[in-house]
Amino acid sequence: MSSTNGSAAGVTAPDGAEDSSRNQTSSTSKSAPHRRADQAAESIRRHLPELAAFSRWIVRDAAKAPLHPAKLHAAGAGDRRIWCPLDHALTVWRTYPKRVAGIGFVLSDINVEHPDLRLIGIDIDKAFDEFDAIKPWARRVVDAAGSCYWERSPSGIGLRGFMSGSIPAEMSGQFNDPKARPFALDSGGVELYDGRSQRYLTVTGACYAIPA
Amino acid sequence: MPSLPEGNADALYATCVAVVAEFKGAARSTTEQRDGWPPLPVDWPLPQDTLDRVLAECAVWLDLTEIESVSIGGRSDALLHVAQALCTTHDDVTALNIMTGHPTLWAVALDKRNGSKKRARAFLWGESIRAARKKVGPPFEDLGPGEEPAAGQALDLPDLDIGTLSAARFIDTVPPVQIFNGPIPHPTTGVVYGPGGAGKSFLMQAMLTGFATAVDVLGVPEWVPTSPVPVLMLTAEESNADLHRRQYALVRAAEQIGGDLFGGRTEIGPLLRERLHEGRFTVASTQGMRIELVNERGRRKGADWLLRQLDRGHHEIVTVDPVAAFRTGPEDELQPLIDLGREINEKLGKTLVYLHHTNKSSRGSDQAREATAARGDSAFIDGGRFGIGVAGMSVEEAARLKVEDRRNYVGVRLAKANYTEESDIFWFARGPAGVLYATSFKPLAEQRADLRGGQRDAVLKLVLELEEREMQVSKSELVARIMDRKLATRDAARAIVGDLLAENVLRIEYGDPGDTERRCLPYGWILSGCMS
């Protein structure tokens with residue numbers, strides 16, 4: 001597994017990653033859900049090819065509740081019957097844009113099935129202030145992570161990160177609780193997840209390049 | 001092909017822990033400070049050496065050197081002072097923040113509650129602390145920086161002087177004279193409420209002008225005091241230009257059209273101008289000045305300011321318009337405002353009137369002037385000694401009063417009165433430049449009677465005409481002819497004929513059984529009675 005080179009400031013943006021939440025270059029003739037799906041597909045295949053290869057993708061509604069990809073009713077993220085390949089999830093998203101608001105990647109037990117992956121998912125809530133500038137505390141977390149893929153969360157004001165690494169074992173107890181929120185901040189929150197976390201993380205593909 | 005980037009997980013984790021630790025207190029302060037300021041437990045079970053260590057750590061932690069110089073009379077006083085000093089010097093620090101963020105205090109709480117974080121937090125913040133609050137006399141937040149609660153007073157309320165409080169003291173002396181018998185008893189605290197744009201502020205400005213000048217500018221003599229009263233109007237919604245326009249319009253209306261507006265009393269204009277120049281009416285816009293009489297923590301930063309202004313102007317009545325602009329925090333916690341009003345009533349003998357908005361659901365309905373329509377805390381309305389509802393004329397009211405231009409009318413009702421009677425609705429019409437003046441609508445029965453009066457005359461003319469033509473008609477035939485001539489509807493015609501018969505203006509004459517000509521009118525025929 002190769003690592004991505006860091007930037008001069010020590011903050012890593014994946015190769016060629018741009019803040020695509022602001023710089024959407026897709027065709028304007030397509031509907032917004034189609035454009036978002038295309039953007040997610042392109043970005044995920046480009047920056048997260050390993051995750052794209054897994055059949056661990058789910059579709060979700062606007063409230064981030066996982067949906068059954070065929071029947072579109074609410075389902076649990078731990079239910080393997082609703083997991084599907086990335087292409088399938090994107091197709092469902094494009095086909096039912098009113099019901100499906102996005103896709104997500106399921107972490108549950110991925111460390112058991114793929115111990116070499118050592119996937120860490122990072123969720124930083126409310127990382128941006130009202131001027132759309134990254135907050136200092138969030139910047140510290142981003143800087144500390146080093147080489148990491150960052151994208152904006154569905155809300156647009158949070159950050160989602162994926163990287164390879166290991167979280168200390170003493171935190172595993174909290175991560176095993178799907179409702180555990182290890183950290184909660186006044187103006188946001190930061191959560192770390194790995195394969196021990198029985199949950200899924202939304203993926204938008206809206207890459208965010210950390211400014212130098 | 002790029003693969004998953006290899007990040008620095010250890011550094012990430014350490015940073016997360018550090019960042020969260022820094023913000024932990026702030027997170028709790030935003031989620032839990034809504035219950036108000038948490039007093040510290042009076043019987044804090046800390047050994048003296050632990051307490052000393054906590055105080056020293058606090059001093060270092062927050063750069064508060066004066067903590068060491070505090071003379072500690074007891075554990076509770078010391079902790080009280082520590083928290084008070086920390087919180088007054090750091091706006092973002094709360095007592096819970098201090099206690100849960102402080103490792104020693106947190107460790108003690110955890111130990112006391114067998115390691116349960118939830119119960120430890122309850123121990124620091126919860127019921128035990130709230131119960132202790134009752135023992136603390138002056139509110140914690142009322143203490144100034146560096147000011148200690150007076151010994152004994154902090155925990156004990158002063159005893160009543162029972163010997164001098166006999167009711168007998170009231171029977172041999174003349175009670176204080178009530179300044180005026182208007183809608184606002186004095187000194188009290190009350191609320192004027194109404195939907196936005198209903199005319200609360202303009203009405204209050206006119207009302208206060210009347211109070212300050214003893215001139216009946218609204219056309220309601222019972223709202224005018226016997227002598228001018230100094231008043232202060234504070235408004236955060238109107239600019240000085242708005243106030244200028246309104247006051248100018250008020251005086252100009254009294255001067256120029258006073259004859260028409262005020263029943264021919266042309267002396268009102270000059271009198272109003274003269275009395276206003278005497279300077280008893282202070283009107284000030286506080287737009288842009290964020291005066292918080294009570295903030296979300298229950299602190300009363302603006303209260304002292306208000307008391308100072310009241311004292312400087314010797315004002316007897318002060319209005320605060322609107323409540324929302326003079327406070328922050330949840331809307332269902334308005335009791336501190338009533339407490340402030342009572343303090344002003346009691347200590348200064350002045351009246352405080354809050355202007356407040358009504359809730360959305362009552363707008364446009366007949367209920368907008370009811371006390372329950374006021375927004376937010378019901379304790380606010382219940383605590384006020386009077387409540388005046390102001391609202392425009394609703395569609396139903398306009399239909400009832402037969403008013404077409406309902407938007408030109410404002411209704412005012414004394415909906416809550418502890419010392420006088422609740423009133424019917426006073427109606428005010430908007431004159432030039434929005435100036436309000438009292439108007440009245442005839443009761444519906446009178447309006448109907450007026451309408452029916454013309455119809456009665458027409459019906460009587462019809463009866464006379466029939467008599468002249470020597471036509472004999474029955475009662476039902478007369479009703480039909482009235483309808484044919486479109487003099488009235490069927491019901492109205494029946495009612496009019498019935499009334500005329502009852503009043504003996506018309507009468508029915510019945511024919512003999514053998515009279516073949518009149519047999520076709522078995523129920524008699526109509527003859528004019530008095531008229532003929």
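In what follows, every heavy atom counts, from backbone to side chain, and hydrogens, waters and symmetry copies are set aside. Naming: A, B, ... by sequence-line order, numbering from 1 per chain.
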Practice prompt. Locate the shortest heavy-atom distance separating P5(B) from S147(A); write the atom from each residue and the value.
Written response: CB-OG, 3.1 Å

Discussion item. Is the shortest side-chain heavy-atom distance between S164(A) and E6(B) below 4.5 Å?
Written reply: yes

Worksheet item: Would you say the side chain of M163(A) lies within less than 4.5 Å of the side chain of N8(B), judging by non-hydrogen atoms?
Response: no

Worksheet item: Which atoms of I124(A) come close to chain B, meaning under 4.5 Å heavy atom to heavy atom: side chain ones, backbone ones, both, or neither?
Response: neither

Fill in: Separation of D116(A) CG from L4(B) CG (nearest 0.5 Å)
12.5 Å

Worksheet entry | From S166(A) atom OG to L12(B) atom CG, the distance as rounded to the nearest 0.5 Å | 11.5 Å

Discussion item. If we define contacts as heavy-atom pairs under 4.5 Å, which of G161(A), A144(A), G165(A) has the most with chain B?
Written reply: A144(A)

Fill in: All salt bridge (charged side-chain N to carboxylate O under 4.0 Å, His left out) counterparts of E237(B), not counting sequence neighbours
none

